[in-house]
Each structure stands twice: as structure tokens, then as C-alpha cells.
Amino acid sequence: MARPPSTIPPEQVHRHNGKESHVDRPADREKLRLTDIDSWSRVDGHMVAYAQSLLSRAQVAVLSNIPADHADAFSAAQPWLQNLDHVALSGKINVAKPDPHAFHHCVAAMHATPADFLFIDDREENVRAARAIGMTGHVFTGFDELVKVVNAWLPTSTAAADLIRAATRR
């Protein structure tokens, strides 16, 4: 992804969700950076349990637009990520959603085709980009709807349905 050249020195630019802002004082930049890392480190335990419950039915991967300077701290704080089949953090793979290369990275890493993926994201532009390369996409609006979409997309079995019910009761 090419960005136009900036007149602000790189050490004074703070990036959050793809948006840049100018922060003058080093102490302010560091405080903002730590706050941002903290915000990325908060996860929904209910969703983590659900994602892990799906491992008996499908391969599960995460594609996150987490910045490079946050990726290691996030990975260390989230040991459940090690249970997944693939974790792609934009700061590590050097490309972010909705760039098609981010999705292609996951396709290649999972030795799959785009049609093998159900991509779920809370941002419409990311889902549109995933669909554009051939993935099935769903805009996340809530947990109950997500479970319905996943169940409709994945092959079903009694054991898998029991796992999903157990995860949704937590």
C-alpha cells in the first residue's frame, strides 16, 4: 500500500486504524502508544471461546490490522492465538485490510483457495474486499447472527453443535 509522502517526521506520526495524527511531545506520543496497545489487547472472552470451539469443525485464522509496534505485545498477551491455524497481524505481514494482498496472504498460508474462506469482520469495506477476491464474507453485527451464519456455512455435526451451544452459554 503506497502512502503519499509526509512532511511530519515518522517518529512524530501516530497511526491508529490506518489514520495518522501528529503528536508533538515524546511523552504524549508514548502515552498515546501505550493506550493504543491496551485497546488492541482487550478481547471478548466469549468470542475467543467460540472461535476455539470452531477448531473441531474448521481451520480458524485471525487477520488483524494491528500495527507492527503492537503485534508482539498483543501476541504475548493472547496465548489463545497459538491454538489457531494461522494468525496474520498486519504489522508483521506488512499489509492491512482491505488491501487484497492481506487476504491473499491468508489464502496462501492456509494452503487454500478464497472460496474456502468465510471472512468475518465488523467493517463493511473489509468484507467487500474479501468478497472481491472470492471469499464468502459476513459483516459482524452480533454474536447470535454470527453463530447462524457460521452454522449455515460450515458442515454440521452433532458434536460440533454441542460445542457451539456450550460456547454460547459462557
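This structure is a prediction, so every number in the text was calculated from the model and none was measured.
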>> Apply side-chain contact (heavy atoms from CB on, under 4.5 Å) to residues Asp44 and Phe143 and explain how you reach the verdict.
In response: CA-CA 11 Å; Asp44 181 344; Phe143 185 77; over 6 Å; no

> Run the side-chain contact (heavy atoms from CB on, under 4.5 Å) check on Leu154 and Leu54 step by step: do they pass?
Replying inline: CA-CA 10 Å; Leu154 283 176; Leu54 293 173; 4.2 Å; yes

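In this structure Asp72 satisfies the side-chain hydrogen bond (donor to acceptor under 3.5 Å, both in side chains) test together with Lys92, sequence neighbours excluded.
Taking CD of Gln78 as the start and CG of Asn83 as the end, the distance is 12.0 Å to the nearest 0.5 Å. Of the inter-residue distances, the one linking Leu89 atom CG with Ser75 atom OG reads 5.0 Å to the nearest 0.5 angstrom. Annotation: the span from Asp121 atom CG to Arg128 atom CZ amounts to 11.5 Å, rounded to 0.5 Å. Between the SG atom of Cys106 and the CZ atom of Phe119 there is a distance of 8.5 Å, given to the nearest 0.5 Å.
Between Met47 and Leu146, the closest side-chain pair of non-hydrogen atoms falls below 4.5 Å. By the 4.5 Å heavy-atom criterion applied to side chains, Ile120 and Val150 are counted as neighbours. The side-chain heavy atoms of Val87 and Leu63, taken from C-beta on, include no pair separated by under 4.5 Å.
Note: His86 and His105 meet the aromatic proximity criterion, with ring centroids under 6.0 Å apart.
At most 12 non-hydrogen atoms from other residues, nucleotides or ligands lie less than 6.0 angstrom from NE2 of His101.
Between the side chain of Ser90 and the backbone N or O of Asn65, at least one donor-acceptor pair lies under 3.5 Å. Between the Asp99 side chain and the Ala96 main chain, no donor and acceptor come within less than 3.5 Å of each other. Using modelled atom types, no side-chain atom of Lys97 and backbone atom of Ala102 make a donor-acceptor pair closer than 3.5 Å.
Considering every non-hydrogen atom in both Trp80 and Val43, the closest pair reads NE1-CG2, 4.2 Å. Asn126 approaches Phe103 most closely through the heavy-atom pair O-CZ, 3.4 Å.
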Pair up each side-chain donor or acceptor in residues 129-141 with any protein partner under 3.5 Å, not counting sequence neighbours, and list the distances.
from, atom 1, to, atom 2, distance (Å)
Arg131, NE, Gly137, O, 3.4
Arg131, NH2, Gly137, O, 2.7
Thr136, OG1, Trp153, NE1, 3.4

